[in-house]
Amino acid sequence: MEPKEIERILKEHLNLSEVYAQGENAHFGVIVVSDEIAAMSKVKQQQAVYAPLMAYFSTGEIHALTIKTFSVEKWKRERMLNTVN
């Protein structure tokens, strides 16, 4: 599984402003930017992101997934803080 495929699947199934995936060898990390998902509890956030990917966990294409969620506003601040001039 390629990170771009994970991004595509999440974009199709969730109401996201932005999504970024990275990783290899069935270990991936995603950054999900969505006010709707950011407002959920941590458990609900995980459930929402895992749900469209469950088939890939059962086949082993995804073994581990790290999830970071941001509201649109927090993502803007995060990007500004991490911008290197």
Side-chain angles (χ1 to χ4, degrees):
M1 168 140 295
E2 293 294 320
K4 289 291 180 199
E5 180 71 3
I6 293 172
E7 291 175 2
R8 184 190 63 74
I9 292 164
L10 293 177
K11 283 179 190 173
E12 282 181 5
H13 290 87
L14 301 172
N15 182 23
L16 305 177
S17 298
E18 299 178 55
V19 62
Y20 303 96
Q22 63 180 26
E24 59 188 7
N25 299 326
H27 293 99
F28 298 97
V30 294
I31 294 174
V32 173
V33 182
S34 167
D35 289 338
E36 183 180 315
I37 292 177
M40 298 176 180
S41 71
K42 291 291 184 190
V43 171
K44 294 289 185 191
Q45 289 175 6
Q46 282 190 329
Q47 289 171 340
V49 174
Y50 273 95
L53 300 171
M54 286 311 292
Y56 303 96
F57 280 98
S58 54
T59 63
E61 291 178 81
I62 300 175
H63 174 72
L65 184 68
T66 303
I67 302 167
K68 292 185 180 181
T69 58
F70 294 90
S71 67
V72 173
E73 189 59 39
K74 283 187 178 179
W75 180 242
K76 285 179 187 173
R77 274 185 273 149
E78 179 76 11
R79 291 183 77 170
M80 284 184 3
L81 291 173
N82 289 311
T83 301
V84 178
N85 294 335

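Looking only at distances, a side-chain donor or acceptor of Glu7 sits under 3.5 Å from a matching main-chain atom of Ala21. The main-chain N or O of Val33 is never found under 3.5 Å from a side-chain atom of Glu18 such that the two would form a donor-acceptor pair.
In this structure, the side chains of Thr66 and Val30 stay at 4.5 Å or more apart for every pair of heavy atoms. Under the 4.5 Å side-chain criterion, counting only non-hydrogen atoms from C-beta, Ile31 is not in contact with Ile67. Using a 4.5 Å cut-off on side-chain heavy atoms (C-beta onward), His13 and Ile9 make contact. Taking the side chain as every heavy atom from C-beta outward, Tyr56 and Ile6 never approach each other to under 4.5 Å. At a threshold of 4.5 Å between non-hydrogen side-chain atoms, the residues Ser17 and Asp35 do not count as touching. In this structure, Phe28 and Met1 have side chains that are in contact, with non-hydrogen atoms separated by less than 4.5 Å.
Heavy-atom neighbours of Glu2 CD from other residues, nucleotides or ligands within 6.0 Å: at or below the threshold of 12. Annotation: His63, atom NE2; neighbour count of heavy atoms from other residues, nucleotides and ligands within 6.0 Å does not exceed 12.
For the residue pair Glu61 and Thr59, a side-chain donor N or O sits within less than 3.5 Å of a side-chain acceptor on the partner.
The side-chain contact (heavy atoms from CB on, under 4.5 Å) with Phe70 is formed by just one residue from the set Lys76, Arg79, Glu78; it is Glu78.
When all heavy atoms of Lys11 and Leu16 are compared, the closest pair comes out as N-CD1, 4.2 Å.
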